[in-house]
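Since the structure comes first, as structure tokens, the remarks are kept for the end.
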Amino acid sequence: MFSNVNLYNSDILFYSFLLKQNATAKRLVYLQSDSIRITLKMGKEITNRSEDYSQWYIDLVKKADLAENSDVRGCMVIKPYGFSIWEKMQTALDKMFKDTGHTNAYFPLFIPKSFLAKEASHVDGFAKECAIVTHYRLKNSPDGNGVIVDPEAKLEEELIVRPTSETVIWNSYKKWIQSYRDLPILINQWCNVVRWEMRTRLFLRTAEFLWQEGHTAHSTADEAIKETRQMLDVYADFVENFMAVPVIKGKKSEGEKFPGAIDTYCIEALMQDGKALQAGTSHFLGQNFAKAFDVQFTNKEGKLELVWGTSWGVSTRLMGALIMAHSDDDGLILPPKLAPIHVVIVPIFKTDEELNKISAKVDVISASLRKLGYSVKFDNRDNYKPGFKFAEHEMRGVPVRIAIGPRDLENGTVEVARRDTKEKQVMKMDDVVTEIPKLLDAIQGNIYQKALKFRNDNLRKIDSYDEFKKALDETPGFILAHWDGTKETEAAIKEETKATIRCIPLDAPEENGKCIYSGKPSNRRVLFARAY
RNA sequence: CGGGGUGUAGCGUAGCCCGGUAUCGCGCUUGGUUUGGGACCAAGAGAUCGUCAGUUCGAAUCUGGCCACCCCGACCA
């Protein structure tokens, strides 16, 4: 987007001149030339969504200071601001896990190659994207330049950097479980995993990512299935109520399910560009891993039985969902429940004396808001103008901004602006403590409602393959359509349209119809979309 | 792993065709004026031109190898 600047060099001079004149001229510039807009004076502008959605996403992640590309291919550096959002997610989820009886533990990063091989479909699923440790020592290079891998230090058995931990964990469960009295085991771990992806995108798909993985063991299939469904509900609850992103709960088709699972359940969210994003998964593993690792228990009748398992996870990919679901062309929009900073206060002052007077008022306001549990930042930097600060905090998605200047001191007021709608209001200083909490709640509700409306407006029932293809290209979104249930049809549709079956929605009503592809009978609709 | 592209200051780039150690903007530092929607002026600091080799009196520029990254496909949460 910067490369075309030189073509317009003279235009830039002209527009720069206009910019100095007045704000109307500035708006004119925006209307006349999007490509120039960016380069004029601001280091903070991002590409418009309508222009290039994926570039908008990349710009936003970088300009909102969430993350950046690392020098290690496919990996990212999560910056402090981005990481504090992730920490908020962790805190909320961790509490929900604890409240449902789970405890945290930690299993090793390295998995012996032989473990991974024990469950056949599991190997198939991950073999192509594993990082492998083959040596344990370096030595000085004989030519004197740097270090080389010491060929003498080859590992007896190579180690896989975990792409997921089912195998190490079930290897431990074998040692822990003898009797029905040892069950259930309800464990979660927060960790990093590595999947050597060919193509990566910040947060959405990186070679290394952070996540949580729950692994539970049960004495009956029924109990394991209940656990699987319960955790799916926990995820849906979190994503909708904290992230303010509506989701559709469903079951994966055979073709899309987790390698090693009997059933995979998921929550699917719709992004602003009409593409679906899987936001969380929960697997009923049946006895597959118990079989592979020979994990048996003695039941009440004294008979040996294989243990039933589940696993479930959400990752830093949720950050991508959060960003893409709500944000606009001015930057990030964060739900107050996950915002690292709820309220930023910007002073408007000319002299130190003015700043001191304002600071005294700000201290009172922020103390009272903090007492209510809100995080408040007083942006009293003296090297930036208020306008710059406004734009910067909008870019970073701070839900509420309060501005206080000399005029406010006189009138006993403040100016309050909300990020989601950009509305401003003048408020009595005394009302701040009662009004700001209401406003934050309103923002949380509003962005959810907005996302829900978008999702519903872009959820279509379609009954013919022609319409299906047309909709994918012209009005991308979720499509509910009949499917004959075969993997051949699923694969053919994927091949021809790039749309996949996101899930078979749990609340899908029985409904007789014909498969849009084969014309064969179907008794319920499934959810299709192009996906991240 | 196929197809295309790019590597020059923290970031974005000019220069390369036609060899003589480097342009501009943003950012940074200092000083001053500013501050209710992305300030301005002045002075400064900052680059072994991805890497290795070759040609040459002399290489960012020409030649060859290597490396890295980006985009498009196949694969994937």
Side-chain angles (χ1 to χ4, degrees), chain A residues 1-6 9 12-13 16 19-20 22-23 26-27 37-45 52 54-55 58 62-63 68-74 125-130 145 163-164 193 195-201 203-207 209-211 213 252 256-259 264 266-268 276-281 283 312-318 320-321 330-331 346-352 354-355 358 380-395 401-409 413-415 417 422 424 426 494-495 498 500 502 531-532:
Chain A
M1 71 170 134
F2 291 95
S3 59
N4 52 10
V5 169
N6 295 297
N9 227 337
I12 286 182
L13 290 174
S16 302
L19 268 180
K20 288 179 190 166
N22 56 46
K26 183 175 168 183
R27 248 169 254 131
R37 149 185 68 83
I38 299 151
T39 60
L40 285 177
K41 38 188 66 178
M42 32 222 68
K44 286 286 181 182
E45 272 289 0
D52 183 344
S54 71
Q55 190 60 47
I58 294 166
K62 293 183 175 168
K63 296 285 165 55
E68 62 189 24
N69 281 309
S70 133
D71 285 341
V72 183
R73 195 201 72 89
F126 289 107
K128 294 183 295 286
E129 50 189 40
C130 284
N145 291 320
T164 178
V193 287
R195 296 183 191 173
W196 214 262
E197 300 291 350
M198 294 272 85
R199 272 192 64 171
T200 56
R201 299 191 68 190
F203 290 118
L204 297 173
R205 180 168 297 111
T206 45
F209 57 94
L210 305 182
W211 78 346
E213 47 179 328
K252 284 292 187 193
E256 294 278 329
K257 75 175 192 195
F258 174 74
T264 290
C266 63
I267 48 174
E268 293 285 330
L277 185 88
Q278 179 176 303
T281 50
H283 316 291
W312 28 274
V314 295
S315 70
T316 34
R317 185 175 230 214
L318 287 180
D330 295 317
V346 178
I348 292 146
F349 60 97
K350 288 196 173 73
T351 62
D352 279 354
E354 264 174 8
L355 178 60
I358 292 167
N380 59 357
R381 290 176 296 178
D382 60 4
N383 52 339
Y384 293 105
K385 292 181 61 170
F388 180 90
K389 294 177 184 177
F390 292 176
E392 188 180 65
H393 294 118
E394 275 161 15
M395 183 63 74
R401 178 186 73 234
I402 297 177
I404 305 179
R407 219 154 56 208
D408 295 303
L409 289 183
T413 58
V414 297
E415 181 194 76
K422 293 290 197 69
K424 290 186 204 174
V426 174
K494 183 177 177 180
E495 171 73 26
K498 293 192 175 164
T500 50
R502 301 318 304 154
Y532 277 101

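Throughout, protein chains are lettered first and strands after them, A, B, ... in sequence-line order, and every chain is numbered starting at 1.
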Could you list the protein-to-nucleotides 3-8 of chain B atom pairs, N/O on both sides, closer than 3.5 Å?
none

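Counting any heavy atom pair closer than 4.0 Å across all strands shown, A/E213 reaches no nucleic acid atom.
Ranking B/U35, B/G37, B/A39 by closeness to the A/F388 side chain, first place goes to B/A39.
With A/Y532 as the aromatic partner, A/R205 does not meet the cation-pi criteria of under 6.0 angstrom to the ring centre and within 45 degrees of the ring axis.
Going from the P atom of B/G12 to that of B/C76 covers 33 Å, rounded to whole Å. Rounded to whole Å, the C1' atom of B/G7 lies 16 Å from the corresponding atom of B/C52. Nucleotides B/A14 and B/U6 are separated by 16 Å at their C1' atoms, to the nearest Å. Rounded to a whole angstrom, the distance from the P atom of B/A53 to that of B/A59 is 13 Å. B/G27 and B/G44 have their C1' atoms separated by 14 Å, with the value rounded to a whole Å.
Syn is the conformation of B/U21, whose glycosidic angle sits no further than 90° from 0.
Contact of A/E392 with B/G37 (side chain to base): no donor-acceptor pair of N or O atoms is detected under 3.5 Å.
Shown here are the side-chain contact (heavy atoms from CB on, under 4.5 Å) partners of A/K494, two or more places apart in sequence or in another chain: A/E256, A/T500.
Remark: A/W196 CH2 is loosely packed, at most 12 non-hydrogen atoms of other residues, nucleotides or ligands lying under 6.0 Å away.
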- Message: For nucleotides 67-77 of chain B, give me one character per nucleotide, 5' to 3': B if any protein heavy atom sits under 4.0 Å from the base, S if the only such contacts are to the sugar-phosphate, - if neither.
- Response: --S--SSBBBB
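The phosphate of B/G36 (OP1 or OP2) has a side-chain N or O of A/K385 nearer than 4.0 angstrom.
In this structure, CG of A/D382 is placed 15 Å from P of B/U34, rounded to the nearest angstrom.
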